[in-house]
Amino acid sequence: MTQIYTTDHSASVLRTHSWRTVTNSAPYLLPHLKPDMKILDVGCGPGSITISLAKLVPDGHVTGVEYVPDPLEGARALAQAEGVSNITFQEGNIHALPFEDNTFDVVHVHQVLQHIADPIHALSEMRRVAKEGGIVACRESAELSWYPDSVGISKWREVTELMQRAKGEVHILGG
Ligand SMILES: C[S@@+](CC[C@H](N)C(=O)[O-])C[C@H]1O[C@@H](n2cnc3c(N)ncnc32)[C@H](O)[C@@H]1O
């Protein structure tokens with residue numbers, strides 16, 4: 001399956017993503033979490049959401065996957081620094097998740113489906129590895145707007161859109 005993620009995993013990108021936690025970015029999950037749940041966070045990036053999930057399931061386990069190894073060492077270091085051990089970071093492509101059917105209580109993505117080649121297939125993969133009665137959850141960007149007008153941000157949007165179209169991203173512009 002073609003990989004089309006336009007943004008890389010450079011320090012500035014990871015810094016932008018690593019302020020995110022389940023509380024500030026995926027609060028819809030909070031009422032559903034139970035301490036012994038097994039959770040998968042796909043396209044985990046720097047792992048800050050993944051780690052915050054692990055803190056909320058102290059008797060469970062959270063797995064973060066990324067299609068390239070680049071951000072994973074940093075994610076492991078962050079988990080260690082925060083004293084979180086019920087967590088695993090590994091490589092895995094959302095289009096062919098390396099897990100058995102019926103494995104996780106919660107399968108989650110945050111700002112990932114908009115950056116991949118086949119979001120419908122990805123959702124069916126997420127459903128496949130979720131347990132019967134489990135939860136498949138996602139949060140994605142639909143549109144970006146800003147006020148007041150900014151020449152710099154407009155230029156960023158123009159360049160980003162050109163890059164995304166050239167790489168074949170399905171959904172243009174987002175987190
Ligand atoms: C915008 S970042 C979001 C990172 C994290 N979920 C967050 O919200 O902080 C999108 C992530 O999806 C990952 N990604 C892109 N294509 C993927 C694929 N085919 N399988 C798994 N992850 C993928 C990227 O490497 C990137 O880290």
Side-chain angles (χ1 to χ4, degrees), residues 1-30 33 39-57 62-79 81-82 84 87-99 103-104 106-130 135-144 153 156-157 159-161 163-175:
M1 181 63 74
T2 322
Q3 297 309 325
I4 57 163
Y5 183 52
T6 302
T7 319
D8 62 13
H9 298 95
S10 55
S12 57
V13 172
L14 294 178
R15 198 165 46 244
T16 306
H17 294 160
S18 63
W19 69 274
R20 297 172 179 168
T21 64
V22 65
T23 307
N24 67 27
S25 298
Y28 45 84
L29 281 178
L30 294 173
L33 298 180
I39 300 176
L40 177 64
D41 186 26
V42 190
C44 61
S48 55
I49 294 177
T50 330
I51 291 165
S52 66
L53 281 167
K55 289 177 181 170
L56 293 169
V57 294
V62 181
T63 304
V65 299
E66 263 293 333
Y67 79 111
V68 284
D70 309 28
L72 296 179
E73 266 318 301
R76 291 184 190 112
L78 186 61
E82 298 207 10
V84 174
I87 198 162
T88 307
F89 290 102
Q90 67 173 82
E91 281 183 62
N93 190 330
I94 197 168
H95 298 107
L97 289 169
F99 305 104
T103 301
F104 297 96
V106 177
V107 183
H108 178 246
V109 280
H110 185 263
Q111 309 283 20
V112 175
L113 298 177
Q114 65 197 270
H115 294 298
I116 61 173
D118 190 344
I120 303 296
H121 177 69
L123 278 167
S124 70
E125 267 297 275
M126 292 172 67
R127 171 67 187 90
R128 179 184 67 74
V129 301
I135 296 172
V136 171
C138 62
R139 179 173 182 237
E140 300 291 324
S141 307
E143 177 53 65
L144 296 182
I153 295 178
W156 165 82
R157 180 176 188 151
V159 171
T160 302
E161 186 171 335
M163 288 165 62
Q164 290 182 310
R165 288 198 191 286
K167 288 205 84 175
E169 284 206 30
V170 176
H171 174 97
I172 304 299
L173 297 173

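Because only heavy atoms are used, hydrogens play no part in the values below, and waters and symmetry mates are left out as well, while side chains stay in. Each ligand, and each atom within it, is numbered from 1 in the order the structure gives.
- Within the listing of ligand 1, atoms 3 (C), 7 (C), 8 (O), 9 (O) sit less than 4.0 angstrom from a heavy atom of Arg20.
- Against a heavy-atom cut-off of under 4.0 Å, Val112 is close to the following atoms of ligand 1: 12 (O).
- By the criterion of a heavy-atom distance under 4.0 Å, neither the backbone nor the side chain of Ala122 is placed next to ligand 1.
- Near Gly92, meaning under 4.0 Å from any of its heavy atoms, are these atoms of ligand 1: 20 (N), 21 (C).
- Among Ala26, Gly43, Ser48, the residue whose heavy atom sits closest to atom 4 (C) of ligand 1 is Gly43.
- Contact annotation: for Ile49 versus ligand 1, heavy atoms closer than 4.0 Å belong to the side chain alone.
- Although no hydrogens or angles enter the test, the distance criterion places no donor-acceptor pair under 3.5 Å between the side chain of Arg139 and the main chain of Pro27.
- At a heavy-atom cutoff of 4.0 Å, ligand 1 is contacted by both the backbone and the side chain of Asn93.
- With hydrogens and angles ignored, the 3.5 Å screen pairs a side-chain donor or acceptor of Glu66 with a backbone N or O of Gly45.
- Close N/O approach between His115 and ligand 1 is not found [any backbone or side-chain N/O within under 3.5 Å].
- The Ile94 neighbourhood of ligand 1 comprises atoms 18 (C), 19 (N), 20 (N), 21 (C), with distances under 4.0 Å to a heavy atom of that residue.
- Residue-level proximity to ligand 1 for Tyr5 is carried by the side chain, the only part with a heavy atom below 4.0 angstrom.
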